[in-house]
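By convention in this document, chain letters (A, B, ...) are assigned in the order of the sequence lines, proteins followed by strands, and residues within each chain are numbered from 1. None of the values given here were measured: they were computed from a predicted structure.
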Amino acid sequence: MASIAALLASSTKLQNSEDRHEEQYDRQIRDLVASLHRSLSSNALNFAANDPTILDNFDPAADAITYLFLLRLQIQTLQETSPDKLPADLLPSGVLWTKCVHYLKNFNPIQGRYIGHEWRQLVELVAQAAQAASKPFLATQLIKDAMLRMDPSCAVFTSTHLLLVRLCLHAKAYACILPVLNKHICHFPGSTERFPHKSSPVLCADHESSLAFITNSSGLSAPLSSRDISRYFLYGGMVYLALKKWGEASHFLELVMSMPTTGPVSMIMVEAYKKWVLVGLLETGKLRPSPTMVAPHVHKTYQSIARPYVNLAHTFESRDLSRLNAEIDAAKNIWRADNNTGLVFQVLESFTAHALAGIKSVFAALTVTELSEQTSSLPENTDMAESVIASLIMSGSVSATLVHTPGHSEGTMLRFPSAHPSSQLHELQVQGRLARESQTLEALIASVKKSNNDIGLGDEFIDHLQKSQAWNGSGTDYSVAEDETRFEIDEDIMGDQI
Amino acid sequence: MELPPLTKEQISKVILSNAPPSQLFEILSQYESDACLMSAGSGSPETGAGDSEMLCLYYSGFFFAHLLTKQIPEARALTQRMPETLKNHDPSLQNCLTLLRAIWQNEHGQVYQILRGLPWPETLQPLVQRYESFFQDQTLIAVSTSYEAIRPAVAAGYLGLDIQAAEKGDQTIIQKFSDCGWTWNLETQLLYPSPITVPPTDNQPSRGIRETMAMLGNR
């Protein structure tokens, strides 16, 4: 492949085979990748190493492989000849940056499965370049769209997930990552690598799960550690916190807190616990019981390391504003060191709303003047107190109504409704919620079935079965399969193994 | 689909288009990378005067698109993403920050003052007026469900109407509330709001739930 004509010819050949049989297309792509690797090793592509206009001959939507190989060659050549690792042409607005953007916006995702290493390195380079130019925002939308293009389900965790959430936090582009964060991560790459789908073994085929093409060896993800997973969920939780989505934030932080651990608890887990305590106060006004997935000894460790947070929560629950202020003031260096000052102040701001919720359990109605006497955080001026209460009601933080009475404002009443707020939900809102839950369940059920199957085929489970059969009659039922058919499949495979 | 390039004319066209809020937000969000690329780094003099004017119009317009789609925390994040130099010197972006603070703190009176009293660029006026009307509607809904009975002056304050006139029982103001289904009691001198409930924008038919409820009812 020593000329543009040869590259274009191989590209045409590939496009012609796209509509034919999957296996033929797969073979063509693999041949092209191998051929391009050979050409790179033999310097046969050097004619294209310095001329970005050559890339204009190729369309990433049809020639994702050739385009990326040439683009990377040009990037490498530029980096080798420049004193900087990120020369100006690679930075935003640079010639090669523009080509990278064009590629990531338009690449063919099926072909992209065959060049995972190269694709990921390009994504990482774009992130580095945007950060080097102090414009991380430029990479956020681009990488998010590229991720969703490569794997619309985003159900397999990759190093790009972590890269993107960090970039978004850095760029303060919180809403940008929601399309990825809101998807359920069901798998990690490589967990089923040894058991490819027999029905559709080629990468370019339609796969039920992206796990078929995002594997340890695909290169679409850098090697991952449990620390990366923890960090992703911690950062994801922080994104939700910035958007005041307390429920989602709690869920992400709980995932970090309940990470399995045999040794000491990691600092990331402790950090998640601290934020979780504060979110609990914001959401419910209480120190919530630890999630059941958190082992008791881990919970004790959290409580001991994050003692100021637990104390803050207890003081908050006592509904004593002066003590709460004193507690916040005394530990201000701790909040600052933990980067939680903003959250702690939000907790303080939410005090009145939760105090009113407490009063609701005692009184059905009372005047604003009486309420001001009960709640130290309300202003003494009745009009101002009413204004604060009205804001809380209008924002949905407090479920109550205000009633002006003829005459002076001192007579303004606050009434707490007896009905549960959920009973007032509009039918369409309920339907919307049900539809969302149903979609989530469908997505999860598909992944759970797959995981069940994979676990059933895994070495660990097979060893377990062998042992249980050797014990024969221990009376323990280890069947994880829901139906007998699947159990038979396991038996067959076990026969093969023996 | 390829968008036209980011220019002052294009932004003006989008602002004047009267597109639904979600569409307006969608279009403007697609320009943020271009805007980010055009803006020089913090404190840099590289951003030309023409670009500055266009970028200020873009960021102000996008800010209002956030408000019109009720994305207040995201609007705050946008103000943190705006180029520092522009944010610190441009009057309309400064106005946006003041407005955000008032909305954040639920200072209804201040919101109207900022929208009506501060100098906004002519090109941005359609969005400013649109937001004032939107904010008034949203507040009317909120007040109607938060108060069972309310003095006209307080209600007028929430909706940016003349408080003094309302206090004197101005019939024009009372009529405005009556038009919304509220009841005016001359004897108590109080308005009795009729709660306004807005169904979710999702227009899917609710037949499924009705059928389920009917089925449960038959058991």
Gap between atom OG of A:Ser387 and atom NE2 of B:His108 - 0.5 Å precision | 8.5 Å

Nearest heavy-atom contact between A:Leu138 and B:Ser33 is CD2-O, 3.2 Å

Heavy-atom side-chain contact between B:Glu74 and A:Tyr174 under 4.5 Å = no

With a cut-off of 6.0 Å (strictly less than), are more than 12 heavy atoms of other residues, nucleotides or ligands near NZ of B:Lys176?
-> no

Checking heavy-atom separations under 4.5 Å from chain B, one finds in residues 341-352 of chain A none

Quick one: closest heavy-atom pair of A:Ala242 and B:Pro73, and the distance?
-> O-CB, 3.8 Å

If only atom types and distance count, is the side chain of B:Arg151 paired as donor or acceptor with the main-chain N or O of A:His404 below 3.5 Å?
-> no

Should we say atom NZ of A:Lys244 is surrounded by more than 12 heavy atoms from elsewhere, each under 6.0 Å from it?
-> yes

Can you tell if the side chain of B:Gln138 reaches within under 4.5 Å of the side chain of A:Met394, non-hydrogen atoms only?
-> no

Give, for atom OG1 of A:Thr412 and atom CD1 of B:Ile150, the distance between the pair rounded to the nearest 0.5 Å.
-> 9.5 Å

At a heavy-atom separation under 4.5 Å, does B:Glu32 approach chain A through its side chain, its backbone, both, or neither?
-> both

Considering only heavy atoms and a distance below 4.5 Å, find which of A:Val101, A:Leu402, A:Leu414, A:Ile389 pairs most often with chain B.
-> A:Leu402

Max heavy-atom pair count under 4.5 Å with chain B, selected residue of A:Ala390, A:Ser395, A:Ala400, A:Cys176 = A:Ala390

For A:Thr405 and B:Leu190, which heavy atoms make the closest approach, and how far apart are they?
-> C-CD1, 3.9 Å

Does A:His170 NE2 have over 12 foreign heavy atoms under 6.0 Å away?
-> no

May I ask you to list the residues in residues 125-134 of chain A that approach chain B closer than 4.5 angstrom, counting heavy atoms only, ordered by number?
-> none

Within the side chain of A:Lys172, is there an N or O that forms a donor-acceptor pair under 3.5 Å with the backbone of B:Arg76?
-> no

Any idea which heavy atoms bring A:Ala173 and B:Arg81 closest together, and the distance?
-> CA-NH1, 3.6 Å

Please say whether more than 12 non-hydrogen atoms of neighbouring residues, nucleotides or ligands are located less than 6.0 Å from CZ in B:Arg116.
-> yes

Count the heavy-atom pairs under 4.5 Å between each of B:Ser146, B:Ala142, B:Gly157 and chain A, then report the option with the highest count.
-> B:Ser146

If we only count heavy atoms from C-beta on, is the B:Ser39 to A:Lys135 side-chain gap below 4.5 Å?
-> yes

Rounded distance (nearest 0.5 Å) linking atom OG of A:Ser391 with atom CD of B:Glu107 = 7.5 Å

Let me know if B:Tyr192 has heavy atoms under 4.5 Å from chain A in its side chain, its backbone, both or neither.
-> neither

